[in-house]
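Read through the structure below, which is laid out as structure tokens, and then see the notes.
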Amino acid sequence: MELKISRVTKQFFEKIAVDRVSLNMKPGVYGLLGANGAGKTTFLRMICGVLTPDSGEISLDRFSVKEEEYRNCLGYLPQKFGYYPNFTAWDFLMYMAALKGISRNRAKVRIEELLEAVNLKGAEKKKIAAFSGGMKQRLGIAQALLNNPKLLVLDEPTAGLDPKERVKFRNMISRLGKDRIVLLSTHIVSDVEYIADEILLMKEGSILHEGSLPEILKPIEGKVWECRVNSSEEAQILEQYAVVNMREESQGTLLRVVGEESPSENAVSVEATLEDLYLYYFAGEGGE
Ligand SMILES: Nc1ncnc2c1ncn2[C@@H]1O[C@H](COP(=O)(O)OP(=O)(O)O)[C@@H](O)[C@H]1O
Ligand SMILES: [Mg+2]
């Protein structure tokens, strides 16, 4: 199974939201990481066939994104998802199953399985209005899995999850990625650091870096430094280096910087993290 994306582009008026992106994906978990406005949602919507690219091709094995066979292989959790607050979780899943053309009898069996899988067993008769953010997200994932999709696309699935729910979510995604393509977007570095087999770093409509964690960290390996400095030294370093973190302390400022050479006599080389890489490329940009 392979998802092939070839020079896909989308422009809104003057804004090129997605700029000639090409990617090939095999089963596994792909983390699409980028600041708000990077083009993640636009890209995912094109992969899900709800937005037509201006140019480029998208196909899963021999089926193009425009074909029904492609849609039948797809599960999608949009970033903004309408949940029908007065529905119970059960009724909502039955309704979504009907939209996907799944028979009532098959749907009942499948929904039982999915409630188990997303840890909502026992909550199915509750109204969605009474659900926590995490429960709603898990319900959203359940509806995306109704047709047992080979391609699962989740747009910011961890939004609104508390730390405990995040851990559960990561475990679930790892399991799902064993035999299907899971593509999830996020602007939170730690969401992809541990669960993604492949990280896609997106900025201004382009994929800047693609690879496993060690692979994408290569460009900054041996180039991350920490040093404690006084205010005059601080000003000089801020001017010459990409500062990825700074912390005011009583003995001076602790700086974490990315640069070819040591920024100061007392600087020590530290291990590069995805957070460093992300901040290095997105310095001064939105996000939270
Ligand atoms: N329907 C639209 N009409 C006009 N501009 C849009 C539309 N959708 C997205 N954009 C613009 O495209 C860029 C990428 O947006 P989006 O794909 O939502 O990014 P992300 O999901 O990474 O935050 C942004 O500048 C956004 O304002
Ligand atoms: Mg988005």
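In each ligand, atom 1 is the first atom listed, and ligand 1 is the first ligand listed.
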A17 N/O to ligand 1 N/O under 3.5 Å: no

For T42, the atoms of ligand 1 under 4.0 Å from one of its heavy atoms are 9 (C), 15 (O), 16 (P), 17 (O)

Please check: side-chain N/O of D54 versus main-chain N/O of Q11, any donor-acceptor pairing under 3.5 Å? yes

Counting no waters, what protein N/O/S atoms lie under 2.8 Å from the Mg ion (ligand 2)? T41 OG1, Q79 OE1

Does atom 2 (C) of ligand 1 have a protein non-hydrogen atom under 4.0 Å from it? yes

Looking only at distances, please establish whether an N/O atom of ligand 1 is found under 3.5 Å from an N/O atom of N36. no

Considering only the protein, which heavy-atom contact is closest to atom 25 (O) of ligand 1, and what is its distance? K15 CE, 3.3 Å

SB check R110 E113 (cutoff 4.0 Å): yes

Check M202 against ligand 1 and report side chain, backbone, both or neither, counting heavy atoms closer than 4.0 Å. neither

E198 side chain near E210 side chain, heavy-atom distance below 4.5 Å: yes

Side-chain ion pair, D155 and K40, N-O less than 4.0 Å: no

Option with minimal heavy-atom separation from atom 23 (O) of ligand 1, where the choices are A38, G39, G37: G37

For a salt bridge (Lys or Arg N to Asp or Glu O under 4.0 Å) check, start with the C-alpha distance between E57 and R7, then their side-chain angles and the critical distance, and finish with the verdict. CA-CA 7 Å; E57 306 290 333; R7 294 180 67 82; over 6 Å; no

Report the relative orientation of the aromatic rings in F92 and Y83; use parallel for angles under 30°, tilted for 30 to 60°, perpendicular for over 60°. tilted

Under 3.5 Å side-chain donor-acceptor pair for E156 and T186: no

Would you say I47 and L154 are hydrophobically clustered, going by side-chain heavy atoms of ILVMFWY under 4.5 Å? no

What is the closest protein heavy atom to atom 18 (O) of ligand 1, and at what distance does it sit? T41 CB, 3.7 Å

Is there a donor-acceptor contact under 3.5 Å linking the side chains of S232 and N230? yes

Does atom 27 (O) of ligand 1 have any protein heavy atom closer than 4.0 Å? no

Between A35 and ligand 1, which part of the residue brings a heavy atom under 4.0 Å of the ligand: side chain, backbone, both or neither? backbone

Closest protein heavy atom to atom 9 (C) of ligand 1, given as residue, atom name and distance to 0.1 Å: F12 CE1, 3.4 Å

State, without any angle test, whether T158 and Q137 hold a side-chain donor-acceptor pair at a distance under 3.5 Å. no

Salt bridge (Lys or Arg N to Asp or Glu O under 4.0 Å) for K121 and E112? Distances and angles first, verdict last. CA-CA 8 Å; K121 195 98 193 104; E112 289 290 353; 2.6 Å; yes

